[in-house]
Amino acid sequence: MPELPEVQTVVNFLTKLIVGKTILSINSPNKYTRVFSNSTITECNRFLLKNRITKITRRGKYIIFALEEGYLCIHLRMTGKLLLNLEIESDMKYVSAQFEFTDGTQLFFKDVRKFGRIYYSENLDWLESKLGIEPLSEKFTSKYLYQHLQQKNRQMKPLLLDQSFIAGLGNIYVDEALWYAGIHPLMIASQISEKQSKKLYEGIQSILLNAIAVKGTTIINFSYGENGRGNYKDQLNVFGETNNPCPKCKTIIQKIFVGQRGTHFCPACQPN
DNA sequence: TGAATTGTTCTACC
DNA sequence: TGGTAGAACAATTC
């Protein structure tokens, strides 16, 4: 389940290895054409042919390949991975898309669940219009968070998952950030105190930076590049810790559903 | 066999 | 109308 730190890890890795390469072609070995979300494979190829990758960046959970002309964006969704080599031949079964570069190397978009998508566009307006602030940008300050929470009459958990509010947070890191701040996932945003908001701001930043530092979370299905793995799993406090004691107070961690999403929290540290 | 899994988008409501 | 809530959707695993 790649979220911001996992996507950033992939971006860092790919930057070292494929920036400067020129795309020769893209194809879908399993004929899964739905992966090309806003175009056909033919259009995509016409657009990408001989196009050089000048930069790789991240916006929310989207990986952005800046090309000499236009942009190619990839969203990994649940199980998507970008690999330079396949471990075993049978892995080809799950490859949604395959890039070939002019130097003979390849990049595989392996995706067991097939929810991942590829988008190409001349500019990034469509992305900017639907994504909120970057939680690691300079514009995202403690004051910004408090001011915007004040304006929302929504439950905290669904609000933090809303990509148009803050871009990049997913189920894992939202549960961790709320636990860090001692905020119940069902609390209404406008009722959060300034002190709680400040703590939440600290939590979001430190959790994301920590996770990036150890290359993300190895839960279920994340790996980057050439089979590298993240180590943040060891640092999770509540996510996936149902029925285990809270690291702070030893109360048993509970799992509930909020907006149809599994939500882990400590009933003692995060009172409603 | 159907429940579980996720982020995004669509629809419906007040 | 705009903010919010909830359902739907993609596909696969166990």
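Labels below follow one simple rule: chain letters A, B, ... track the order of the sequence lines, proteins then strands, and each chain is numbered from 1.
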Please classify the nucleic acid contact of [X] as base, sugar-phosphate, or nothing, using heavy-atom distances under 4.0 Å.
X: A:Phe257; value: sugar-phosphate
X: A:Lys255; value: sugar-phosphate
X: A:Gly259; value: nothing

End-to-end axis angle, where each axis spans five pairs of the helix from B:dG2-C:dC14 to B:dC14-C:dG2, to 10°: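 Angle reported: 50°, given to the nearest ten degrees.
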Reading 5' to 3' through nucleotides 7-14 of chain C, protein heavy-atom contacts under 4.0 Å coded B for base, S for sugar-phosphate only, - for none: B--BBBS-
Remaining members of the apolar cluster that contains A:Tyr146, side-chain heavy atoms under 4.5 Å: none
For A:Ile252, the rest of its hydrophobic cluster, which grows through side-chain links under 4.5 angstrom: none
Sole candidate of A:Val35, A:Ile118, A:Ile74 that passes side chain to side chain contact (heavy atoms under 4.5 Å, CB included) when paired with A:Ser96: A:Val35
Name all residues meeting the salt bridge (charged side-chain N to carboxylate O under 4.0 Å, His left out) criterion together with [X]; count only those two or more places apart in sequence or in a different chain, and write none if there are none.
X: A:Arg58; result: A:Glu134
X: A:Lys61; result: none
X: A:Glu128; result: A:Arg59
X: A:Arg154; result: A:Asp162

Quick test: give all pairs of protein nitrogen or oxygen and nucleotides 11-14 of chain B nitrogen or oxygen below 3.5 Å, distance rounded to 0.1 Å.
none

Sub-4.0 Å heavy-atom contacts from residues 185-192 of chain A onto DNA chain B, ordered by number: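 When residues 185-192 of chain A is checked for heavy atoms under 4.0 Å from DNA chain B, there are no hits whatsoever.
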Under 4.0 angstrom between A:Lys130 side-chain N/O and B:dT9 OP1 or OP2: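 For B:dT9, OP1 or OP2 has a side-chain N or O of A:Lys130 closer than 4.0 Å.
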Summary of ring-ring contact (aromatic ring centres under 6.0 Å, His included) pairs that have at least one residue in residues 251-272 of chain A, sequence neighbours excluded: A:His184-A:Phe265, A:Phe239-A:His264
Lys/Arg N to Asp/Glu carboxylate O, A:Asp175 vs A:Lys157, below 4.0 Å: yes
Can you name the atoms? Protein N/O to nucleotides 2-4 of chain C N/O, anything below 3.5 Å, with the distance.
| residue | atom | partner | partner atom | Å |
| --- | --- | --- | --- | --- |
| C:dT4 | OP1 | A:Asn153 | N | 2.8 |
| C:dT4 | OP2 | A:Lys152 | NZ | 3.4 |

